[in-house]
Amino acid sequence: MTTTGNNAHAAIVEEFQRMDANGDGIVDLADFLRAPRKLLATLDIPEDAPKAQALMRANETQWASFLSLGDADGDGALTSDEYVTTRTSPEFRSPNRPGKGEVCQSLFAVLDGDDDGTINQAEFLRAADFLCMPAAEASTYFATLDSDSDGQLSDKEFLKAVKRFYTS
């Protein structure tokens, strides 16, 4: 494996370790849904709100897709090796992967707190902790993502950010 390949593998293993909330060596549905639940709590959005329900449904669909790609033993959970296999598979990168577009759209809607169809810097920074970024780094990242420098992320700019996050 190349140095770049080793770095990508290491980053995916780190991602797995962050997701394995209880440190039991597997990521299951509860672990997988912890991040969107944490984001909803951070943003003070009740889980029964329509935006929250859409985000949770999209993540559940994505989880089912993850299992179909990498759950070799069929136990409904992913080990570190299974997770790496899932995240590095060509099917994972497919634009047609179930749940992929829905997660992006519902996440955008959740972050768009004022429902104006854009995410401004303040809305983005409210989610910085969820994104595992210090506020200063998140501000810099926001400026990079805001390709037209209008102080807001459109859905297209946001989608590019998500793609960049999962392919870097």
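Small disclaimer: the values here were computed from a predicted structure and weren't measured.
- Linking ILVMFWY residues whenever their side-chain heavy atoms come closer than 4.5 Å, directly or via other members, leaves V13 and I26 in distinct clusters.
- Under a hydrophobic clustering in which Ile, Leu, Val, Met, Phe, Trp and Tyr are joined whenever their side-chain heavy atoms come within less than 4.5 Å, directly or via other members, M19 and V103 fall into different clusters.
- Using the six-membered ring where Trp is involved, Y83 and F16 have ring planes that are tilted, between 30° and 60° apart.
- W63 contributes atom CH2, which lies 13.0 Å from atom CE of M56 (distance to the nearest 0.5 angstrom).
- Expressed to the nearest 0.5 Å, how far CZ of F124 lies from OH of Y141 amounts to 6.5 Å.
- Side-chain atoms of R37 and E47, non-hydrogen and from C-beta on, do get closer than 4.5 Å to each other.
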side-chain contact (heavy atoms from CB on, under 4.5 Å) between R126 and D44, intermediate numbers included = CA-CA 11 Å; R126 284 190 66 203; D44 297 320; 4.1 Å; yes
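- E123 contributes a side-chain N or O that, together with a main-chain N or O of N120, makes up a donor-acceptor pair within less than 3.5 Å.
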Evaluate side-chain contact (heavy atoms from CB on, under 4.5 Å) for L107 paired with L39, printing each intermediate quantity in order.
-> CA-CA 9 Å; L107 181 58; L39 176 63; 3.3 Å; yes
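- Using modelled atom types, one side-chain atom of D146 and one backbone atom of G151 make a donor-acceptor pair closer than 3.5 Å.
- Residue D31 holds its CG atom at 6.0 Å from CG of D24, rounded to the nearest 0.5 Å.
- The structure places NZ of K38 at 15.0 Å from CG of L33, a figure rounded to the nearest 0.5 Å.
- Here the side chain of T144 pairs a donor or acceptor atom with the backbone of T140 at under 3.5 angstrom.
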Evaluate the side-chain contact (heavy atoms from CB on, under 4.5 Å) criterion for residues V84 and T86: first the C-alpha distance (whole Å), next the side-chain angles of each, then the deciding distance (0.1 Å), finally the verdict.
-> CA-CA 5 Å; V84 170; T86 298; over 6 Å; no
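- Listed for the E82 side chain is a donor-acceptor partner under 3.5 Å among the backbone atoms of T79.
- A donor-acceptor contact under 3.5 angstrom links the side chains of S139 and Q121, judged on distance only.
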Decide yes or no on side-chain hydrogen bond (donor to acceptor under 3.5 Å, both in side chains) for D116 and T118, but give the supporting numbers first.
-> CA-CA 6 Å; D116 69 350; T118 64; 2.9 Å; yes
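- Between E102 and R57, no side-chain nitrogen of the basic residue sits less than 4.0 Å from a carboxylate oxygen of the acidic one, so the salt-bridge criterion is not met.
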Decide yes or no on salt bridge (Lys or Arg N to Asp or Glu O under 4.0 Å) for K156 and D148, but give the supporting numbers first.
-> CA-CA 11 Å; K156 288 181 174 75; D148 59 7; over 6 Å; no
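- Looking at K51, its side chain does come within 3.5 Å of a backbone N or O of A109 through a donor-acceptor pair.
- Note: L111 CG to I45 CD1 = 8.0 Å, rounded to the nearest 0.5 Å.
- A distance of 10.0 Å separates CG in L69 from OG1 in T88, rounded to the nearest 0.5 Å.
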